[in-house]
Amino acid sequence: MAARCGWRSVYFLPLCYRAGAAPLRRRWELPNHGVSSQNRGNRHISSPPSPAFAGATYTELRELCAREPDTFWGSVASHRLTWSSSFQQVSDCDLNTGKIRWFLGGKLNVSVNCLDVHVAKDPEKVALIWEKDEPGTEERVTYRELLEMTCRLANTLKHHGVGRGDRVAIYMPVSPIAVAAMLACTRIGAVHTVVFAGFSSEALAGRIQDAQCKAVVTCNQGVRGGRLINLKATVDAAVKSCPSVQSVLVAQRTNHSTPMGKLDTPLEEAMSKESAECAPEPMDSEDMLFMLYTSGSTGKPKGIVHTQAGYLLYASLTHQYVFDYSPGDVFGCVADIGWITGHSYVVYGPLSNGATTVLFESTPVYPDPGRYWETVERLKINQFYGAPTAIRLLLKYDENWVKKYDRSSLKTLGSVGEPINNEAWEWFYNVVGDRRCPLVDTWWQTETGGVCIAPHPAEEGAEIRPAMAMRPFFGIQLALMDEKGKTITGNDVSGALCISKPWPGMARTIFGDHQRFVEAYFKPYPGHYFTGDGAYRSKDGYYQITGRMDDVINISGHRLGTAEIEDALDEHPDVPETAVVGVSHDIKGEVAFAFVVLKENVSEQQGKVIEELKKLVATKIAKYAVPDHFLVVKRLPKTRSGKIMRRILRKVAMEQTDSLGDVSTLDDPSVVMEIIEEHQRYKSRLAKA
Ligand code: WTA
């Protein structure tokens, strides 16, 4: 099919990616920098990222990538991606102004790279295994079938007036048709924004409005843990306030019939009338591929923009090397497509590599706590990638829930989204992996596009240690910064985690607000990308993430700004002021703790108001965002300039009042004691309940 569309791999063409540059040497040679080859990691890469690097070791490639990023990325992009026109320049970036552009002048289509190229080689290879909610009811979709589904869906979108550059919201749980919807957008050059199907109608509406989506793709109901979720009803409520939406395409996940309004079209029926072929739109490397909303420390969620070539290349490369993926493996990432992990490691990374990828619809405890491992046995999963929150939940059950299933197919275990504590690491590694599978704790973000810090690829003999994200991936130049904005040198040090060189997978902007992009990520440490996280560099130079430095919290691996929760709470007419902080939780990692000031005349109805506040957060954001704790206080600790000192509230909520720090800048320091006492009363009420 690739040949028919006239698409070809520029790997077979003369390499001319750097205007005016000397042609790439056919075999890459490592200049000797006085480091003897015995001292270098001597593990030769069996499957190098580009044939130009055959025979290189990981260390040599790391060095090359740091020294000559354009040589590395240019060669890798030419080899791994299929282009319709080759690029002329590898990069044009300036981290001071937030200008990030890769593979300039090149044209390609992401769906061609994820589908057509594999269909041309092996059409009957399984692309997706849809692990549906009920165990044992999985469905397999081949690359040929997925391409056909994608083309029919792409034609349906076109029929509804969706074209190049238009935004499409996808509000559905992971399923083949959801993956086809993402790829259909890429086929015709539309931009998808997948909204996690746990978000409320108001949260969905906010995202649709910000992105000005022309169409929404959804399904009648979702099925999870044996429960049905009426997704279409949520979409109906959302689109009422979204005049940009011209059509809603509704897939049928269950037999339940949903009333169809004037915007609605039954998706499968419409697809059956469309052609199974759709010519791919040649997209510029830097055209928008998708946007994904994520939380920051202030304001509404921001639409993080990723573009075509750089994102795809980075997702593909990290998928192969971080997880040691080999052709033929079954890759099992249990994330939802509503998050970046689902984008990069359920969809784009695995499919660009021609892998078989698992779409996990259920929960770790449905129908019982053995679900993950029963799935591993049945589907013969080789790489299992999940979140620490699920591991912390599962380790509370008997080990037999793991042991009774055959896990011999497993080669690599992966963890993502939040710090993995020692207990969870040990259990995952020892019990699930039988001490035989490397456990890769992967650090990255929506903004980074793919994994940036992970134990793999590792030099031979390198240990993998608990709770250590370890080393930067190819091309990732890490820096730790001190409070004055200076780079901290040496080892055994902590600081603000920054990345000082651009890489192809990084986000390009915030949709409609480039200024906010620059301010959030490039202003704090000029010339560097600031991650928002803190990190420790160990004595031997490995990295460990210490957590967010801003007002973003991480509930069960889901990122949320405390400001968003505060905004929802503040809408209550009886609540003049609130402050939300994150506190540790055994299983969820973190939960929200809300300090609430009530109007005087309502203080007797606290219970009622708190119930109303919980509802507000669930309807404005999502159920998972509802704070676990509410503490009514008379006033909040503020500086003389009126800024709430959340640092103090966090200490009170975490019961660390012996290390409150400096409270002298408070307008009235006596407020601290007042809040501590209120918190103690709250604790004793909880203990009695
Ligand atoms: C946190 C998820 C510790 C971190 C892919 C980051 C982690 C935020 C890890 C991004 C890890 C992610 N160890 N913390 N291995 N991975 N985080 O955008 O605070 O949903 O900034 O992307 O999750 O969350 P996001």
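One-based numbering, in listed order, for ligands and for the atoms of each.
Taking the six-membered ring where the residue is Trp, Y348 and H343 present tilted rings, their angle falling between 30° and 60°. The aromatic rings of F196 and F199 sit perpendicular, their planes meeting at an angle over 60°, well past the 30° parallel limit. By the 30° and 60° cut-offs, the orientation of the rings of F290 relative to H192 is parallel.
Taking a cut-off of under 4.0 Å to the non-hydrogen atoms of T341, the atoms of ligand 1 that pass are 5 (C). Taking a cut-off of under 4.0 Å to the non-hydrogen atoms of R548, the atoms of ligand 1 that pass are 6 (C), 19 (O), 21 (O). The ligand atoms of ligand 1 that sit less than 4.0 angstrom from a heavy atom of I340 are 5 (C), 22 (O). The ligand atoms of ligand 1 that sit less than 4.0 angstrom from a heavy atom of D441 are 11 (C), 15 (N). Counting the atoms of ligand 1 from 1 in the order shown, those under 4.0 Å from a heavy atom of I545 are 3 (C), 14 (N). For ligand 1, the atoms closer than 4.0 angstrom to any heavy atom of V416 are 5 (C). Contact atoms of ligand 1 toward N554: 1 (C), 23 (O) (distance under 4.0 Å to a heavy atom of the residue).
Paired with W444 under the rule ring-ring contact (aromatic ring centres under 6.0 Å, His included), one option of Y314, Y345, Y385, F473 passes, and it is Y345. A side chain to side chain donor-acceptor pair (under 3.5 Å) with Q383 is found for exactly one of T357, D329, T412, namely D329. The residue from R392, R548, R559, H558 that alone fulfils the side chain to side chain donor-acceptor pair (under 3.5 Å) condition with E418 is R392.
Among all non-hydrogen protein atoms, the one lying nearest atom 4 (C) of ligand 1 is D533 OD2, 3.1 Å. Looking only at heavy atoms of the protein, atom 3 (C) of ligand 1 is closest to P419 N, 3.2 Å. Looking at atom 2 (C) of ligand 1, its nearest protein heavy atom turns out to be W444 O, 3.9 Å.
Contact annotation: for H558 versus ligand 1, there are no heavy atoms closer than 4.0 Å. At a heavy-atom cutoff of 4.0 Å, ligand 1 is contacted by no atom of V552, backbone or side chain. Contacts between R559 and ligand 1, counted as non-hydrogen atom pairs separated by less than 4.0 Å, involve the side chain only.
Within a 6.0 Å radius of NZ in K99, other residues, nucleotides and ligands contribute more than 12 heavy atoms. Other residues, nucleotides and ligands contribute at most 12 non-hydrogen atoms within 6.0 Å of the CD atom of E423. In K396, the NZ atom is crowded: over 12 heavy atoms of neighbouring residues, nucleotides or ligands sit closer than 6.0 Å.
For W443, the closest heavy-atom approach to ligand 1 falls below 4.0 Å.
The nearest non-hydrogen atom to atom 17 (N) of ligand 1, considering only G547, G417, S415, comes from G417.
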Under the criterion salt bridge (charged side-chain N to carboxylate O under 4.0 Å, His left out), I'd like the reasoning laid out for D513 against K300: C-alpha separation, chi angles, the key distance, then a yes or no. CA-CA 12 Å; D513 198 349; K300 288 196 176 134; over 6 Å; no

